[in-house]
Amino acid sequence: MAREQDYYTIMYGQQELNFKGKAVPSDLVLIGEHAFPLAMNPRGQVLMAASHYGQGRVVVLGHEEYLTGFPSLIENALMWLMPCTGDAGIVGIQKSLHSVAENLNYCPIKKELGDFRSGLAIYITDAYSVENCAKDLIAFIKAGGGLIMAGQAWSWAKAHPQENTIKNFPGNKVCSVAGIYFSEHQGEVGIFPVPRQIPSSWLAVSIGKNFKDDLQFLLKGVSEFDVQGGAIASEVMVHGPLAFPIAVTPAGKAFIAGAYYGQGRVILLSHEGFMGRDSLSTFLINAIKWLDEDRKGVIGIPHSLKGAHTVLSKSGLNCQFTNFRGDLSVYVCTSYSDAQCAEIQEFVAEGGGLMIGGHAWYWAQSHCGSNVMTDYPGNHILNKMGLCLLGGTVGGGLYKAPEIEKSCKDGYHFRRMLRRFAKHVNLGKELTNHEQSCLKQLGNDCASYLRMRCHESASYTSVVALLSDIVKEVGVPQVCSNCPVQNAKDHLMLHIGSEVYKVSPDPDALLPYIIKDRTDLPTVSNARVRISANTQGWEEWISTGLYLSPGMKTYIAVPPEIVGKSWQVQLGCQTDNIGGANVLKRAPVVHERFPLDAEMVQVCNLWGGLIYIIAPPKSKVDGVEIVVQVAVQAPYFKSGETSVADWVDRIRQAPAPWAELEFENIIMTFESRFIRNLDCPDEVAKLWDTIMRSIADLAAKPSKFPRKERYVADVQISHGFMHAGYPIMMHADSAPALVNVKEAYKSGLWGAIHELGHNQQRGVWEFPPHTTECTCNLWSLYVHEKVLGIKGLNAHPAITLENRQSRTKSYCNGGKDLKNWSMWMALETYIQLQEKFGWDAFKKVFTIYHDMKGVPNDNAGKMNLYAETFSKVVNLNLCPFFKAWGWPIQPSTQEKISHLPEWSDHPMVQYA
C-alpha cells in the first residue's frame, strides 16, 4: 500500500501521457523491493520509474526531454521527493538544463542552476553528466535527498558496443543503487492512459540483460561442474530480471547462479563446500575476478572458510581472512546468518562483490512449518537480489557447463518461462515441446516465488496480478480420484491456483475459478473446545471435531495461556506434499497452519479441512478453552466421552466430509463415507486399544502412549502403499479395514501394524538400510499372534515356511552377503531368535536399550553390541548364530561373552 500511495502522489491528476515525438526513450529495468514503474507502454516497457534508497527517493525518466514534456508530473515528483529532507529546501538543477529551470519558474520553490553540491534538497540532472559525482549523489540520496534523473542509454550503447550498459552507462552508476537501470533497448512511444494503480503487464515479466558476456567470462576454461561426493546442495531459484543461472542439472535445477544488484554483483553457490573445491577452482577464480571487476581489491573471507581461502588465493588477488567490512572489494560468506543483512546489501548495491554459499534444505527440514522463502537467513539477503535458496535438494554429480548461446536464448529462467506461458494464455501461442517440459519447473517456481509474500514490492504484486489473471482465464482443473491431473499444464495451474489464492488481495474473487462446485454445508456457531496437552519432545495435534469448508473463513478465540507460545492452528489432516508425483488426485499441498499469536485469530484454507490445535513440544495445559466462531460439525467419536447411542443417532451423520475416531492410544482420520454406517465404534475401540497396548508391550514401554498415534487415509500419499510418521499415511482404500473388526480377526492388519512398527524402531538397534523394512515387522508378527490369533506363518504370504526356507538357502548359497540381508531375509534372523527364545527376550533387549549410552554410530559396531546384548539376555553365546548369518562379529565381542555356553544347534548350522 505504501508503494501505491507513492505512485498516486507522483501521478496525481495525470489522465494520459503523450510520449509521441522525436524523443526515443530507454526501456528501464527495475529490480529489488523498492523500485516501481510510473509509466508503462503496451509492450510492458517501463518509460518512467521511481524508487527509494536509504532515507532518500529517486525518480527516473527514460529520456531527458521528459523533464520539460511533463511539467505537472515533474511538479508532483518534486512534492514527493521534498519530504525526504524534512523541510522545503533548494532544488539544484544541472547547469545544462536551462529549459527545465525555466519550466519551474511558476513553482514556489528555491531553484539553483549549477553542478551538484551538498546542502540541496533535490537535484535534477540528465543521465550523462553524473559520472564524476556519482558517489556524492549516492551519499546524498542515502542521507535523504531527492533525485530526478532523465536520459536514454540506447544511443550510448551503440557508441560503446563492447561496454556493459547495465554497469557502465553513467546514469546507471547512480540510479542502479535504487534498483532502476537504463537499458540499451529503445522504448516504444505513443499516447498511454495512466492507470489508477501501479502499472503492470505480463509483457513486463522479462529478463533485463543478455548474460552472454557474463557467462563467457565465468565459464572460460570450464567444461563441467564436478560436485560429486556427499555434499547435498539446495536448489537455487533465479527470479530477478538481472539474475541468471550458471550451473544447472539436466532436470533444469540451478545450483550456482549470479546476479547484478545495484552497482555490484553476486555469485550464489548452493553449498558452502563448493567454495573450497579444487574441482571447481577454474570457475571459482573466474567468479572472484568477475566480482572484483578488475579493482584488484581485498577479498574478505571469514576464518571458517579456509578451503575457500586456499582456492581463491590462486586467483592472484589479495585474499585475507577477515569478517565483513565496508572497504572490501569482495566479501565471501555463508548463507546461514543474516546478522549483517542490510550492510551486505548496501555494500553490494554500491559496487561490492558478494560470493555466498550454503544450503537451505536442512534448515527447511529442521524448521517444519516455517517459510524458507521468508524465514531462512540467507534469503533475507538474497531475495532482493533476485535469487533465493529453496528447500529442495540437488544431489552431487558431474554436470556439463551450459552452452552459452543456447542458455541465453532458450535456457530455463523463471521470468522468461513465465512470460512465454502468459503469451500462450493471452495470445494463444502454442508452447514448444521444450517449453512444455519446463511447465512443472515453472509451477514449482511460481509456488516458491509467491511464498516470498513481498507485498511491498511492485514486481511481486505484478506477478501476483499476472498469475491471478491466468487463473481466471484458464481455470484450475477440478482434481479428484476420478479426474486425476496428468498433463504438465494442469499440474502448473493446480500449483498456481493453490498458491496465488493464499497471497491474493482478493482471494474470494479467485475461489470460483479454483473450486467450481462448493457444497454449502450447515454450520455451528461459537463452538467451544477444551484443550489439554502435556507434550514432551514433539508437537501434538489436538482434534476439535470441527471442519472448515473450502475457502471458508472463521475466527478462533485463543486463551491467553497459549497466545504467543508457539501454538498453532492447522486446517486439514492431509499433510503429505505430493507435488513430486506425475499424476495428481488432489492438489500437492492442502493443509495450512497459522500461529496462535493473538487472542483472536482469523484462519482460512483454500481446500478446507478439519481444525486442529497444534501443541508445541514441552507444553502443558489442562482444559483451556478455545472458541471457534463458525465451523462445520464433523463425525467425531472419542472414547470415554462419546456414547454409542449419540454416535448412532446423531454424530455419525454430521455434515463434514472428514471423520475421526479417537481411542485410548490412536486416532483415525478418513472420509466420512467410511463411517456413516458404523454401528459399533466401541468394538473398534476395544480392538485398537488391545492392539496399541500390545505395541507398547513388545516395545517394553508403558501401555499409555505419551502421544497418541494417528492414521490418516488420503486419496493420494507422498510415497508407498502406506508410510510411517505422525500421522501414518495410507491410501483411502485401506480405511475400511481399520474399522472392520470381524475381517481384522480373519485376515489381519499387516500393513497398518507394519507402519506402527516403523514408529517404534530406534536407531540404537537398527542397521539401516538392512533392517529398515524388517524390524518393524516384529510388531506385525506380535500383534497378529497375541491379539488377532493369527500365527506367524499365516500372518503374511512372504513368511510361509516354504518361502522362508527358499530365501535362506538362496542367501547362504550366495555367500551370505549383507547387501542381500534386508526386509524378509533379515526378518528371518529375528524370527529364528523369536522361535527359540520367545517374545520376552526381545522385550528384555528393548528394555536394556532404553537407557543404554555410548552406542556406536556404525552398523558393524551396533551389530556387535546387539549380539552381545541378546546373548546376555538369553544366557547363551549367540556369536556362532550371528556369524552364520554373515554379521561382522569381532573377536572382542566373542571375548566378552566367551563365558556363556554357545548356541550350537541354531537353525543356521546346516549352512555353516
Side-chain angles (χ1 to χ4, degrees), residues 536-538 664-666 689-709 724-726 728 750 752-788 792 795 799 821-823 826-879 881-882 885 887 889 893 896-897 900 903 906:
Q536 298 179 17
W538 48 72
E664 180 184 48
N665 282 316
I666 196 164
D689 288 350
T690 308
I691 288 174
M692 296 307 294
R693 288 171 192 164
S694 71
I695 296 284
D697 182 40
L698 178 57
K701 293 179 179 177
S703 60
K704 182 71 174 74
F705 279 50
R707 176 178 69 174
K708 296 181 181 184
E709 295 278 17
Y726 182 80
I728 294 168
W750 186 276
I753 309 304
H754 171 98
E755 303 305 338
L756 288 168
H758 270 307
N759 284 356
Q760 294 300 322
Q761 288 174 318
R762 296 296 176 265
V764 287
W765 45 259
E766 273 290 291
F767 319 126
H770 311 294
T771 56
T772 303
E773 294 299 327
C774 159
T775 51
C776 53
N777 288 323
L778 292 173
W779 276 266
S780 291
L781 286 167
Y782 188 75
V783 168
H784 280 72
E785 178 184 327
K786 298 294 184 180
V787 179
L788 302 177
I799 52 174
W821 186 76
S822 61
M823 204 170 176
L827 184 62
E828 180 63 24
T829 305
Y830 295 91
I831 289 177
Q832 290 178 0
L833 289 169
Q834 191 277 327
E835 288 177 336
K836 171 66 176 178
F837 302 109
W839 289 113
D840 282 349
F842 282 92
K843 296 175 188 178
K844 290 175 182 177
V845 168
F846 291 143
T847 300
I848 292 168
Y849 270 101
H850 287 330
D851 301 315
M852 191 179 288
K853 307 293 183 186
V855 177
N857 292 320
D858 62 300
N859 275 350
K862 289 195 289 183
M863 292 170 101
N864 276 270
L865 179 59
Y866 191 87
E868 176 189 345
T869 304
F870 215 115
S871 295
K872 290 178 178 178
V873 164
V874 299
N875 287 311
L876 274 179
N877 182 343
L878 304 184
C879 284
F881 169 73
F882 288 115
W885 272 105
W887 283 31
I889 300 301
T893 302
K896 290 177 185 176
I897 53 177
L900 296 175
W903 185 16
H906 60 78

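Just so you know, residue 1 is the first one in the sequence shown, and it goes up from there.
Asp858 places a side-chain N or O within donor-acceptor distance of the main-chain N or O of Gly861, the cut-off being under 3.5 Å. With hydrogens and angles disregarded, no donor-acceptor distance shorter than 3.5 Å links the side chain of Glu773 to the backbone of Ser822. A donor-acceptor pair is defined here as one N or O able to donate and one able to accept, closer than 3.5 Å; no such pair exists between the side chain of His770 and the backbone of Asn859. Side chain of Thr869 to main chain of Val845: no donor-acceptor pair is present (N/O by atom type, distance under 3.5 Å, no hydrogens or angles). Not one N or O on the side chain of Asn759 forms a donor-acceptor pair closer than 3.5 Å with the backbone of Ala724. With hydrogens and angles ignored, the 3.5 Å screen pairs no side-chain donor or acceptor of His754 with any backbone N or O of Trp750.
For the atom pair CD1 (Ile848) and OH (Tyr866), the distance works out to 10.5 Å, reported to the nearest 0.5 Å. To the nearest 0.5 angstrom, Glu755 atom CD is 7.0 Å from Cys776 atom SG. Taken from OG1 in Thr771 to CH2 in Trp821, the straight-line distance is 6.0 Å, to the nearest 0.5 Å. Annotation: the span from Lys786 atom NZ to Thr690 atom OG1 amounts to 14.0 Å, rounded to 0.5 Å. In this structure, the separation between CG on Leu833 and NE2 on His906 is 11.0 Å, given to the nearest 0.5 Å. Atom OG1 of Thr893 is separated from atom CG of Leu878 by 12.0 Å, given to the nearest 0.5 angstrom.
Nearest heavy atoms, Lys708 versus Ile666: CB-N, 4.0 Å. Nearest heavy atoms, Asp697 versus Lys843: OD2-NZ, 2.9 Å. Residues Ser871 and Leu900 share a closest heavy-atom pair of O-CD1, 3.6 Å. When all heavy atoms of Tyr782 and Ser694 are compared, the closest pair comes out as CE2-O, 3.4 Å. Contact detail for Gln536 and Pro706: the closest heavy-atom pair is NE2-CB, 3.6 Å. Taking both residues in full, the closest heavy atoms of Thr829 and Phe882 are given as CG2-CE2, 4.4 Å, listed atom of the first, atom of the second, then distance.
Taking the six-membered ring wherever Trp is involved, the centroid distance between the rings of Trp538 and Tyr726 does not fall below 6.0 Å. Aromatic pair Trp885/Phe767: centroids not less than 6.0 angstrom apart.
The shortest side-chain heavy-atom distance between Leu781 and Leu827 falls under the 4.5 Å cut-off. Residues Asn665 and Lys704 form a side-chain contact, since some pair of their non-hydrogen atoms from C-beta on lies under 4.5 Å apart. Proximity of Phe870 to Ile897: side-chain heavy atoms (C-beta onward) are nowhere separated by under 4.5 Å.
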Step-by-step side-chain contact (heavy atoms from CB on, under 4.5 Å) determination, Leu756 to Val783: CA-CA 11 Å; Leu756 288 168; Val783 168; over 6 Å; no
Test log, rule ring pair (Phe, Tyr, Trp, His ring centres under 6.0 Å), inputs Phe846 and Trp779: CA-CA 13 Å; Phe846 291 143; Trp779 276 266; 5.4 Å; yes
Residue pair Thr775, Trp765: steps toward the side-chain contact (heavy atoms from CB on, under 4.5 Å) verdict: CA-CA 9 Å; Thr775 51; Trp765 45 259; 3.8 Å; yes
Worked check of salt bridge (charged side-chain N to carboxylate O under 4.0 Å, His left out) between Glu766 and Arg762: CA-CA 6 Å; Glu766 273 290 291; Arg762 296 296 176 265; over 6 Å; no
Stepwise side-chain contact (heavy atoms from CB on, under 4.5 Å) check, Met692 with Glu709: CA-CA 9 Å; Met692 296 307 294; Glu709 295 278 17; 3.7 Å; yes
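With sequence neighbours excluded, the residues that form a side-chain contact (heavy atoms from CB on, under 4.5 Å) with Lys836 are Trp903.
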